[in-house]
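To start, the structure itself, in structure tokens.
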2 protein chains.
Amino acid sequence: MRDDPDDLHPRGAAPAGGPGQGRSGLDQPRILAAAVRFIDENGLRMLTMQRLGAYLGVEGMALYRYVPGREALLDGVVDTVVDELFSDPDVHLQAHAGWVDYLQRLAHGLRRIALAHPEVFPLVATRPPAAPWVRPPLRSLRWIESLLQVMTDAGFSDENAAAVYRAFSSFLLGSLLLEVSARGVETGPVEEPDVTPTEDLSRYPILQRLEPHLSVDVAAEDFEEALEALLDRIALLLPRRRRPSRLAEGN
Amino acid sequence: MRDDPDDLHPRGAAPAGGPGQGRSGLDQPRILAAAVRFIDENGLRMLTMQRLGAYLGVEGMALYRYVPGREALLDGVVDTVVDELFSDPDVHLQAHAGWVDYLQRLAHGLRRIALAHPEVFPLVATRPPAAPWVRPPLRSLRWIESLLQVMTDAGFSDENAAAVYRAFSSFLLGSLLLEVSARGVETGPVEEPDVTPTEDLSRYPILQRLEPHLSVDVAAEDFEEALEALLDRIALLLPRRRRPSRLAEGN
DNA sequence: ACCTGAACACCGTTCAAGT
DNA sequence: ACCTGAACACCGTTCAAGT
């Protein structure tokens, strides 16, 4: 995934930058933002070059002047959404009160993104990364650098910092994908009122009994608990010196 | 994951199937099995009705006699792959030596499936579940029932059994999707030898320094460790009575 | 400079027609 | 009973032509 925004709009040699550049004000960032909104509103399956064109008041072919093709468009959508982290006032590349605070803010920032764009997140989760050491969902070189920086500064070895990045990615990927996929089925695809209502549950008595417990939405609590458990586990990697006690505190 | 569309043929199989019901021996299970093999060999992006037809020695439209459409075909592919759990000699619905053994075998069974079908797994992870309480990747009612049965039999409350199912799903989803996506980029899409070799790493000094640690494949070890940590966390949910000590032991 | 019409190869899907 | 040819609506993509 490209992380260099300059690479994305290579408009060389500053053009006439006045208010009226082009009739429709088409533009790569504008197209990507429109694509994100389109997916949010209509679902990924509805996104087609021609429909996105119409959404922007233009024929589909016009987009090819700004985007190399559909695949690149999807990559751009993923980058656009992940880059919202940079404008999240509660998440900062630099300022933080220790690695625990940093990872907590980062995790919550990514959760906000996933919940704001539930139809986009599966794309964030499954698009093949650009390099083997880029792990979804934190697929931005700047953020990976930042995380590794914070962890090594906090006293983690290089190896452990890398392990933390992997474990953190795995946690976020699992938690958030599970949450958006559960949310997605609530507001599911508008189907005919199933003739076989929810499949025959009578063959699964335990499932039937626990159904209330399984249907209740405790995703937020689950996320907090799993995050705390992960942070505790990470803290155990620190050299013995002065490991912050993280058992039972109230965040 | 090939990108050039020539020569998409089954590796060893004769096009005409078994003893003759119908000329081509077409059949829903046979079509689904062929689809799985096709995706394994050519990647999900290459799967089209016409190519799958050709793969089976038939025109694409012939498939519509056995499968309602492409979406249903993909659902069937997911089910087919997950159902491999039933024929895994190391995983059993009933026989097991306690819940820890059960969850360990189940986790490793799903990991084997993910690694055997890395191109299918993203589908297992992201297809919208049929019901809100079905969580990927363990999206089989029989297995959900089995897991809940084992956990409640082991003394977990209904509520905790449900929480275990969610936490277990989240762990598997994150770990396995991360692993197959990393594996997928190793054997990535055959691209032109990037002119900008791996993007400009010089702007990310920590990333550059830790690159060896990030590139090394320790997915198996990471999986074991995260699984052990999860099992420890689950054990804490048990009533105080006689909780098996699970701190520091050799699997 | 920017957009559109027309064209091409391919897709999913339906259905009458063949065997 | 099972498969195919032909047809339809829609895709992604290219490119000459319009403005």
Side-chain angles (χ1 to χ4, degrees), chain A residues 8-32 34-35 38-39 42-77 123 127 189 191-192, chain B residues 2-8 14-32 34-35 38-39 42-77 123 127 189 192:
Chain A
L8 280 178
H9 16 286
R11 70 278 187 211
Q21 85 260 15
R23 261 232 284 274
S24 3
L26 233 46
D27 198 340
Q28 207 193 48
R30 224 174 301 248
I31 290 175
L32 294 179
F38 185 96
I39 299 174
N42 307 106
L44 179 58
R45 303 186 46 241
M46 296 302 287
L47 183 76
T48 200
M49 296 305 277
Q50 1 227 0
R51 280 203 276 251
L52 180 58
Y55 192 77
L56 284 159
V58 108
E59 296 298 317
M61 309 86 86
L63 305 177
Y64 286 88
R65 228 158 256 278
Y66 306 93
V67 172
R70 187 174 196 267
E71 291 302 295
L73 176 74
L74 294 182
D75 284 338
V77 163
L123 223 49
R127 284 248 115 194
E191 289 172 39
E192 313 307 303
Chain B
R2 340 168 74 282
D3 239 321
D4 58 275
D6 359 77
D7 200 29
L8 304 172
Q21 80 267 21
R23 260 231 288 274
S24 1
L26 232 44
D27 197 339
Q28 208 195 49
R30 225 174 300 246
I31 290 175
L32 293 179
F38 185 97
I39 298 174
N42 306 105
L44 180 58
R45 302 186 44 237
M46 296 301 288
L47 182 77
T48 103
M49 297 303 279
Q50 3 226 358
R51 281 204 275 250
L52 180 57
Y55 191 77
L56 284 158
V58 108
E59 297 298 319
M61 308 86 85
L63 305 178
Y64 286 88
R65 221 152 266 274
Y66 307 92
V67 171
R70 188 174 196 266
E71 291 301 295
L73 176 75
L74 294 181
D75 284 336
V77 163
L123 223 49
R127 283 251 115 193
E192 313 309 305

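Below, read A as the first sequence line, B as the second, and so on, with proteins coming before strands; counting in each chain starts at 1.
Here the closest heavy-atom approach between residue B:Arg127 and residue B:Asp75 is recorded as NH1-OD1, 3.0 Å. The minimum heavy-atom distance between A:Leu44 and A:Ile39, with the atom names listed, is N-CG2, 3.7 Å.
DNA chain C forms stems at C:4-8 with D:12-16, C:12-16 with D:4-8, each a run of 3 or more consecutive Watson-Crick or G-U wobble pairs whose two key distances fall under 3.5 Å.
Within the structure, side chain to side chain donor-acceptor pair (under 3.5 Å) contacts touching residues 45-58 of chain A (residues at least two apart or in different chains) are A:Glu41-A:Tyr55.
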Nucleotide N/O to protein N/O under 3.5 Å, stretch nucleotides 14-19 of chain D:
none

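Counting heavy atoms from C-beta outward, B:Leu47 and B:Leu52 have side chains that approach closer than 4.5 Å. Side-chain contact check for A:Leu26 versus A:Arg65: every heavy-atom pair is 4.5 Å or farther apart.
Straight-line distance from the CG atom of A:Leu47 to the C1' atom of D:dC10: 15 Å, rounded to whole Å. As a whole-Å value, the separation of B:Met49 CE from D:dC3 P is 13 Å. Taking atom CD on A:Gln50 and atom C1' on C:dC10, their separation rounds to 13 Å, with Å as the unit. Atom CG of B:Asp27 and atom C1' of D:dA1 are 14 Å apart (whole Å). At whole-Å resolution of the value, CZ in B:Arg30 and P in D:dC2 are 13 Å apart. A straight line from CG of B:Leu26 to C1' of D:dT4 spans 13 Å, rounded to a whole angstrom. Separating the CD atom of A:Glu71 from the C1' atom of D:dT13 is a distance of 13 Å, rounded to the nearest angstrom. Atom pair B:Leu63:CG and C:dC11:C1' shows a separation of 14 Å (rounding to whole Å applied).
Taking side-chain N and O atoms only, A:Tyr66 has no distance below 4.0 Å to OP1 or OP2 of C:dA1. Under 4.0 angstrom from either OP1 or OP2 of C:dC10 there lies no side-chain N or O belonging to B:Thr48.
Here the CG atom belonging to B:Leu63 is positioned 5.0 Å from the CD1 atom belonging to B:Ile31, to the nearest 0.5 angstrom. To the nearest 0.5 Å, atom CE of residue A:Met49 and atom CG of residue A:Leu73 are 5.5 Å apart.
Comparing A:Arg51 and B:Glu59 against DNA chain D, the residue whose closest nucleotide sits nearer the 5' end is B:Glu59.
Note on A:Gly69: only backbone sugar-phosphate atoms sit closer than 4.0 angstrom, heavy atoms only; bases stay farther off.
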